[in-house]
Number of protein chains: 2
Amino acid sequence: METAKPQKADLSAQIAQAIRDAIVEGRMITGERLPSEAELAEQFNVSRPTVREALKRLAAQSLIRTQRGAFGGAFVNRLSYEEAYGQQITTSTLLLSMNGVSFETACEARYALERACTPLAAARRAPDHLATMRAEIHRQGQPGLSDESFCASDVTFHRALVDAAGNPVLSYQLAGAVEAMQPLMNMITFTARSREAIVAFHTRIADAIEAGDSTAAETALEELAAYTLNLGRNVMEARAAR
Amino acid sequence: METAKPQKADLSAQIAQAIRDAIVEGRMITGERLPSEAELAEQFNVSRPTVREALKRLAAQSLIRTQRGAFGGAFVNRLSYEEAYGQQITTSTLLLSMNGVSFETACEARYALERACTPLAAARRAPDHLATMRAEIHRQGQPGLSDESFCASDVTFHRALVDAAGNPVLSYQLAGAVEAMQPLMNMITFTARSREAIVAFHTRIADAIEAGDSTAAETALEELAAYTLNLGRNVMEARAAR
DNA sequence: TACATTTAAATGTCTGACATTTTCCCCGCA
DNA sequence: TGCGGGGAAAATGTCAGACATTTAAATGTA
């Protein structure tokens with residue numbers, strides 16, 4: 001007799017999926033304790049190692065957290081923004097590097113997303129994030145700054161711009177886009193990028209946000225995107241010519 | 001004597017991290033075969049079940065794929081856009097539901113992101129995606145359509161809008177935003193949403209994209225966002241009053 | 001040469017045991 | 001009576017070994 005459900009997958013994958021469904025569909029709530037490994041093994045009619053493999057899968061997605069000792073066990077985890085950021089960044093980085101995403105495609109996506117934040121950032125003008133932007137601009141102007149530090153500062157600046165929108169969901173969604181681009185950005189930072197030009201763009205963006213002028217901010221951002229894109233193309237051509 | 005590296009984590013977590021690092025840093029490339037479980041167990045000086053738990057963690061993140069049989073084993077997986085979509089959607093859905101993200105915040109983020117796509121979509125005007133949008137608009141006008149189907153069609157329409165930007169990285173980044181909102185959107189679909197109004201907005205958007213008029217598309221999208229936001233607020237108030 | 005069979009290598013699963021961690025509870029003592 | 005320490009218990013973490021299953025290559029045969 002054939003089974004009704006598609007059961008091609010491993011037992012541990014099936015069990016993980018069953019528990020995942022229970023969590024996603026709200027049948028298990030945040031903080032709730034799962035049955036012990038032994039109990040789960042009995043329920044699903046498998047051995048403890050199999051159950052453990054399933055639980056590790058869920059732990060890898062931050063869906064559960066485990067605690068040793070008496071009255072320990074596996075608990076439904078409250079997925080924090082930080083954890084979600086981390087996964088987002090890992091996934092995005094790998095996606096980009098493994099699918100031969102071109103510099104142009106990545107760059108276009110990044111600036112398009114960032115542009116989505118500027119109206120909100122301009123409307124809210126959070127002092128914290130503006131201060132961060134100013135501080136990073138100042139750092140980028142220091143003569144002794146290493147290329148690595150400049151690049152890191154660049155990321156911090158753009159993260160601040162995103163966070164200035166004051167929407168944590170937006171920040172989460174964009175974390176991957178901004179952070180995952182760093183390797184690709186490095187590719188050109190070390191060769192052709194003019195720090196003066198970048199600082200000028202950043203200053204224009206910060207000024208516009210501070211003034212609440214969304215249009216000016218978008219324009220500056222678009223020009224920065226065009227500048228970066230052009231730089232990337234030149235580097236590519238130079239490499240191809242070699 | 002205290003250990004230099006933070007070694008609080010489980011052995012399986014440490015091993016998973018070590019392999020993950022190797023993949024992310026490019027020391028192992030796509031398609032490459034990992035050592036067998038027995039060999040890994042020997043290398044890391046742990047037992048096979050522990051190695052297996054580590055591998056399941058990686059499999060849960062789609063970093064590796066396993067294959068049974070002779071010359072099988074664990075292989076570094078090429079992370080496909082589809083797999084990345086899936087993870088993105090799961091993570092986003094949980095993040096939203098577990099952190100009590102308000103309808104307003106979610107809605108704002110979603111439309112801000114979607115707005116990022118319109119200039120590219122208007123510039124490219126891909127016939128495929130325009131056809132999908134038109135088809136969904138037509139479906140949404142059918143009188144016998146169930147609420148579930150209408151909502152699903154709504155998602156398809158917006159996915160098409162995103163895909164019309166012709167940038168797979170952008171599509172990936174937004175998949176979570178669009179799909180994860182569905183439960184929140186349902187909340188109001190079944191009560192107050194006017195199908196005629198929605199269809200009118202969708203038509204305006206499709207027309208603007210087809211005409212290559214990015215500004216008009218953004219305006220229509222912003223009005224749709226305002227309409228949705230307002231609707232959500234009313235529903236909330238009605239619930240609070242009860 | 002083509003096809004069926006064997007074989008070996010690997011993952012998938014089970015059993016049982018022991019180690020470790022953590023909490024609770026009870027007992028002894030002041 | 002109050003308090004502190006020492007099990008006891010429950011749970012996860014880890015190990016060892018065995019068997020089942022799957023898959024592809026190697027082998028042998030018509």
Side-chain angles (χ1 to χ4, degrees), chain A residues 1-3 5-20 22-23 28 31-78, chain B residues 1-3 5-20 22-23 28 31-78:
Chain A
M1 172 177 168
E2 61 186 60
T3 49
K5 291 179 182 176
Q7 298 215 351
K8 272 288 177 180
D10 296 357
L11 285 177
S12 70
Q14 290 177 37
I15 293 165
Q17 191 56 52
I19 299 174
R20 192 179 358 256
I23 297 174
M28 303 205 67
E32 191 173 340
R33 184 178 168 280
L34 275 71
S36 73
E37 294 175 353
E39 287 170 319
L40 286 172
E42 202 181 355
Q43 277 183 33
F44 288 103
N45 209 29
V46 296
S47 67
R48 227 189 107 206
T50 303
V51 167
R52 281 182 61 79
E53 287 178 10
L55 294 180
K56 295 313 170 195
R57 294 177 116 107
L58 298 175
Q61 296 182 307
S62 302
L63 286 179
I64 62 171
R65 115 194 76 91
T66 59
Q67 208 174 318
R68 291 182 71 169
F71 286 72
F75 298 82
V76 179
N77 194 24
R78 169 168 170 162
Chain B
M1 171 180 166
E2 58 188 61
T3 49
K5 292 179 183 177
Q7 299 215 349
K8 272 287 175 182
D10 297 356
L11 285 177
S12 71
Q14 289 175 230
I15 292 166
Q17 191 57 52
I19 299 174
R20 193 180 357 257
I23 296 174
M28 303 205 67
E32 191 173 341
R33 182 177 170 283
L34 275 71
S36 73
E37 294 174 353
E39 286 170 319
L40 287 171
E42 202 181 357
Q43 278 183 31
F44 287 104
N45 210 30
V46 296
S47 67
R48 224 189 111 207
T50 303
V51 167
R52 282 182 61 79
E53 287 178 10
L55 294 180
K56 295 311 170 197
R57 295 177 114 108
L58 299 174
Q61 296 181 307
S62 302
L63 286 179
I64 62 171
R65 120 192 73 89
T66 58
Q67 209 175 318
R68 292 182 70 170
F71 285 71
F75 297 82
V76 178
N77 194 23
R78 168 168 172 164

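Each chain gets a letter, A, B and so on, in the order the sequences are listed, and its residues count up from 1.
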Looking only at heavy atoms, which two atoms of Ile23(A) and Leu63(A) are closest? And how far apart?
CD1-O, 4.2 Å
Nearest heavy-atom pair of Ser12(A) and Arg57(A): which atoms, and what distance?
OG-NH1, 2.7 Å
Residues in side chain to side chain donor-acceptor pair (under 3.5 Å) with Gln17(B), at least two apart?
Arg20(B), Asp21(B)
Specify the angle, to 10°, made by the local axes at the two ends of the helix from dT1(C)-dA30(D) to dA30(C)-dT1(D) when five pairs are taken at each end.
10°
For a quick check, with a 4.0 angstrom heavy-atom cut-off, what is the B/S/- contact string for nucleotides 16-27 of chain C, read 5' to 3'?
-B--BBBB----
So, with a heavy-atom separation below 4.0 Å from DNA chain C, the residues of residues 36-44 of chain A are none
Would you say a side-chain N or O of [X] is under 4.0 Å from OP1 or OP2 of [N]?
X        : N       : answer
Thr50(B) : dC15(D) : yes
Thr66(B) : dG12(C) : yes
Arg52(A) : dT12(D) : no

Round to the nearest Å and state the distance from [X] atom [atom1] to [N] atom [atom2].
X        : N       : atom1 : atom2 : value
Arg65(A) : dG13(D) : CZ    : P     : 13 Å
Glu53(B) : dT11(C) : CD    : P     : 16 Å
Asp10(B) : dC15(D) : CG    : C1'   : 15 Å

Winner on side-chain proximity to Leu11(B), out of dT13(C), dC15(D), dA11(D), is dC15(D)
Side chain to side chain, Asp10(A) and Ile15(A), heavy atoms closer than 4.5 Å
no
Check residues 42-53 of chain A and write down every donor-acceptor pair under 3.5 Å in which the side-chain atom is one partner and the other belongs to a residue at least two apart or another chain.
residue: Ser47(A); atom: OG; partner: Thr50(A); partner atom: OG1; Å: 3.3
residue: Arg48(A); atom: NE; partner: Glu37(A); partner atom: OE1; Å: 2.8
residue: Arg48(A); atom: NH2; partner: Glu37(A); partner atom: OE1; Å: 2.9
residue: Arg52(A); atom: NE; partner: Glu53(B); partner atom: OE2; Å: 2.7
residue: Arg52(A); atom: NH1; partner: Glu37(A); partner atom: OE1; Å: 3.4
residue: Arg52(A); atom: NH1; partner: Glu37(A); partner atom: OE2; Å: 2.8
residue: Arg52(A); atom: NH2; partner: Glu53(B); partner atom: OE1; Å: 3.2
residue: Arg52(A); atom: NH2; partner: Glu53(B); partner atom: OE2; Å: 3.3
residue: Glu53(A); atom: OE1; partner: Arg52(B); partner atom: NH2; Å: 3.3
residue: Glu53(A); atom: OE2; partner: Arg52(B); partner atom: NE; Å: 2.7
residue: Glu53(A); atom: OE2; partner: Arg52(B); partner atom: NH2; Å: 3.3

Quick check: on DNA chain C, is the nucleotide nearest Ser47(A) upstream (toward 5') of the one nearest Leu55(B), or the reverse? Name the residue that is more 5'.
Leu55(B)
Which donor-acceptor pairs under 3.5 Å do the side chains of residues 64-77 of chain B make with protein atoms, sequence neighbours left out?
residue: Arg65(B); atom: NE; partner: Asn77(B); partner atom: OD1; Å: 3.4
residue: Asn77(B); atom: ND2; partner: Ser62(B); partner atom: O; Å: 3.2
residue: Asn77(B); atom: ND2; partner: Glu83(B); partner atom: OE1; Å: 3.4
residue: Asn77(B); atom: ND2; partner: Glu83(B); partner atom: OE2; Å: 3.4

Only counting residues at least two apart or in another chain, list the ones meeting side chain to side chain contact (heavy atoms under 4.5 Å, CB included) with Ala38(B).
Ser36(B)
